[in-house]
Amino acid sequence: HILVLPLRGEVENLEFTIKQIRYQSAWSLKTPFHVYLIDFGIGEETRQIVSILQQDIDGITVCTQEEFPEAIRKNLRLQSP
C-alpha cells in the first residue's frame, strides 16, 4: 500500500496517524506499506517528528512535489526482483 500525505505547517497527530496506518497495513492487510510525505512547507516541529518516525519505521519518504515522481520510481525499482 502507498499513502501520499501532503503536509504544510505543523501537523497534529501525524505520529499517531502514521503508526495506525502501519499497524493496519502490517497486521490487517498483511501488505508492505510506504508513506510519501509531500513537503509543502513543513513546520520545524513536524519536521522533527518526521525525522524520528523515519528512524523508527521503514517506508517513510519525505519529498517535495517536484521530487515525488522520482521517489516513486526509486521505490518501485527497489521492490523489483
Would you give the length of the straight line joining atom [atom1] of [X] to atom [atom2] of [Y], rounded to the nearest 0.5 angstrom?
{"X": "Ile57", "Y": "Ile18", "atom1": "CD1", "atom2": "CD1", "value": "6.5 Å"}
{"X": "Gln54", "Y": "Leu37", "atom1": "CD", "atom2": "CG", "value": "7.5 Å"}
{"X": "Leu3", "Y": "Ile60", "atom1": "CG", "atom2": "CD1", "value": "10.0 Å"}
{"X": "Tyr36", "Y": "Glu67", "atom1": "OH", "atom2": "CD", "value": "12.5 Å"}

Heavy-atom check, side chain of Ile38 versus side chain of Val4, under 4.5 Å:
yes

Side chain to side chain donor-acceptor pair (under 3.5 Å) with Arg8: which residues, sequence neighbours excluded?
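Arg8 satisfies side chain to side chain donor-acceptor pair (under 3.5 Å) with no residue once adjacent residues are dropped.
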
Presence of salt bridge, Lys19 and Glu15, under 4.0 angstrom:
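Yes, this pair counts.
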
Report, one line per pair, each donor and acceptor closer than 3.5 Å where one atom sits in a side chain of residues 42-51; sequence neighbours left out.
residue: Thr46; atom: OG1; partner: Glu10; partner atom: OE1; Å: 2.9
residue: Thr46; atom: OG1; partner: Val11; partner atom: N; Å: 2.8
residue: Arg47; atom: NH1; partner: Asp39; partner atom: OD2; Å: 3.3
residue: Arg47; atom: NH2; partner: Asp39; partner atom: OD2; Å: 3.0
residue: Arg47; atom: NH2; partner: Ile42; partner atom: O; Å: 3.4

So Ile72 and Asn75, side chain to side chain contact (heavy atoms under 4.5 Å, CB included) or not? Walk me through it.
CA-CA 5 Å; Ile72 289 279; Asn75 185 43; 5.8 Å; no

